[in-house]
Colleague: 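The structure is given below, and queries will be raised subsequently.
Computation of the quantities below employed the complete heavy-atom set of this structure, encompassing side-chain atoms and omitting hydrogens, waters and symmetry-equivalent molecules.
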Protein chains: 2
Amino acid sequence: MFIGEFHHNIDDKGRIAIPSKYREILGNNFVITRGIEHCIYVYPNDTFNHIVTKLESLPFTKKDARAFTRFFMSGATAIELDKQGRVNVPSPLINYANLSKKCVIVGTGDRLEIWDEEAFNEFMSSCNDEMSDIAENLFEEKI
Amino acid sequence: MFIGEFHHNIDDKGRIAIPSKYREILGNNFVITRGIEHCIYVYPNDTFNHIVTKLESLPFTKKDARAFTRFFMSGATAIELDKQGRVNVPSPLINYANLSKKCVIVGTGDRLEIWDEEAFNEFMSSCNDEMSDIAENLFEEKI
DNA sequence: TAGATTGTGGGGAAAAGTGGGGGATAAATA
DNA sequence: TATTTATCCCCCACTTTTCCCCACAATCTA
């Protein structure tokens, strides 16, 4: 399970180090892709394949299915870590997530997310106030 | 499985290089045809044949079936890669997809899509904002 | 404080993409 | 039918990008 928050830099060549703690779980081969709030999702292969299977069950004749599949699959890249434990992030993803230098890597249970530091701070502070409302509607019964 | 996004140029002769990563999957012979959002679909032969079988099961007495089959089949061209790994795109398809120079080739699971770069950017940015909503309604249960 | 682990940066070889020239084949016209 | 014109491919060469390796810096640990 992925938990925690790490601050790393992405260099000029688009490389960013995966925290060693996460490498133990991910291994050397995994998948990264576009995430919904302009961040990058990092999935172990199994988890990614599971989502792909679900997406492939949707017909390409449906507009929303095409859009989301395109969004999710076109952003995807099979990663093999280099010997220093870094990911080479493809430039479309760097642009999408607006990564410049300072990045945040956070664990969210079944995946990691890579954020531009500034964007992450903004997102967090923007929903800190709403968190009470957000939580309100998550479950109907006691969890 | 086709994933990822590549930016290549189509030259004056209508040739565009297929990313080497995809060539491994496609081989030298495959099919391209009109895609739904004014892009070009690229299918391995097997996948294309499968879709054709599905289309042939639709009755030609239905107007929509006739229209879609005509759209899909009339655009189709059997491709043989040249020795540099490039496709010669027929001019009707170049016109249909509005290809000028900069193109984007994206993997969307079972096929590739070739887009004019500008058109692709517009499409993506137009649905970036909605992606959250689109994702919201794709599945009812946990996937 | 010494050693190991983790993160950062850069240089160089190999691969991939791009563009243009030329020859063969097919089509068009007189 | 002969000549011209156009089209299609193949080949070569250049440029750009990617990947792999090495080296250093910073941090943590014993």
Colleague: For D/dC19, does either OP1 or OP2 sit under 4.0 Å from a side-chain N or O belonging to A/N88?
Modeller: yes
Colleague: Can you tell me how far P of C/dA16 sits from CG of B/N9, to the nearest Å?
Modeller: 18 Å
Colleague: Can you tell me the distance, in whole Å, between the NZ atom of B/K13 and the P atom of D/dC11?
Modeller: 14 Å
Colleague: Would you mind reading off the distance between B/E117 atom CD and C/dG17 atom P, rounded to a whole angstrom?
Modeller: 16 Å
Colleague: Donor-acceptor check, side chain of A/T69 to backbone of A/R66, threshold 3.5 angstrom: yes or no?
Modeller: no
Colleague: Could you please name the option among C/dG17, C/dG7, C/dG9 that lies closest to any side-chain atom of A/A17?
Modeller: C/dG7
Colleague: Using a heavy-atom cut-off of under 4.0 Å over every strand shown, decide if A/K83 touches base, sugar-phosphate, or nothing.
Modeller: sugar-phosphate
Colleague: Write down the distance between CG (A/D12) and P (C/dG11), rounded to a whole number of angstrom.
Modeller: 11 Å
Colleague: Of the nucleotides C/dG17, C/dT8, C/dG7, which has the atom closest to the A/S20 side chain?
Modeller: C/dG7
Colleague: Measure CZ/B/F6 against P/D/dT18 and give the value in whole Å, please.
Modeller: 9 Å
Colleague: Looking for any heavy atom pair under 4.0 Å, which part of the strands does A/I18 touch: base, sugar-phosphate only, or nothing?
Modeller: sugar-phosphate
Colleague: Reading DNA chain C from 5' onward, which residue's closest nucleotide shows up sooner: A/E24 or B/R23?
Modeller: A/E24
Colleague: Taking the inter-plane angle between the rings of B/F48 and B/Y43 on a 0 to 90° scale, is it parallel (under 30°), tilted (30 to 60°) or perpendicular (over 60°)?
Modeller: tilted
Colleague: Mind telling me whether B/F72 and A/F60 have parallel, tilted or perpendicular rings, with 30° and 60° as the class edges?
Modeller: tilted
Colleague: Rounded to whole Å, how long is the line connecting atom CZ of B/R86 with atom P of D/dC8?
Modeller: 14 Å
Colleague: Is the shortest side-chain heavy-atom distance between A/F120 and A/I105 below 4.5 Å?
Modeller: no
Colleague: Side-chain N or O of B/R15 less than 4.0 angstrom from OP1 or OP2 on D/dC10?
Modeller: no
Colleague: Could you tell me the separation between the OH atom of B/Y96 and the OG atom of B/S74, rounded to the nearest 0.5 Å?
Modeller: 10.0 Å
Colleague: For A/K21 and D/dC28, give me the distance from atom NZ to atom P, rounded to whole Å.
Modeller: 14 Å
Colleague: Regarding A/D82, tell me which of base, sugar-phosphate or nothing describes its non-hydrogen contacts under 4.0 Å with the strands shown.
Modeller: nothing
Colleague: Remember a base hit wins even if backbone is also touched, and classify A/K101 as base, sugar-phosphate or nothing at under 4.0 Å, heavy atoms.
Modeller: sugar-phosphate
Colleague: If I take atom CD1 in residue B/I10 and atom C1' in nucleotide C/dG17, what distance separates them, rounded to the nearest angstrom?
Modeller: 14 Å
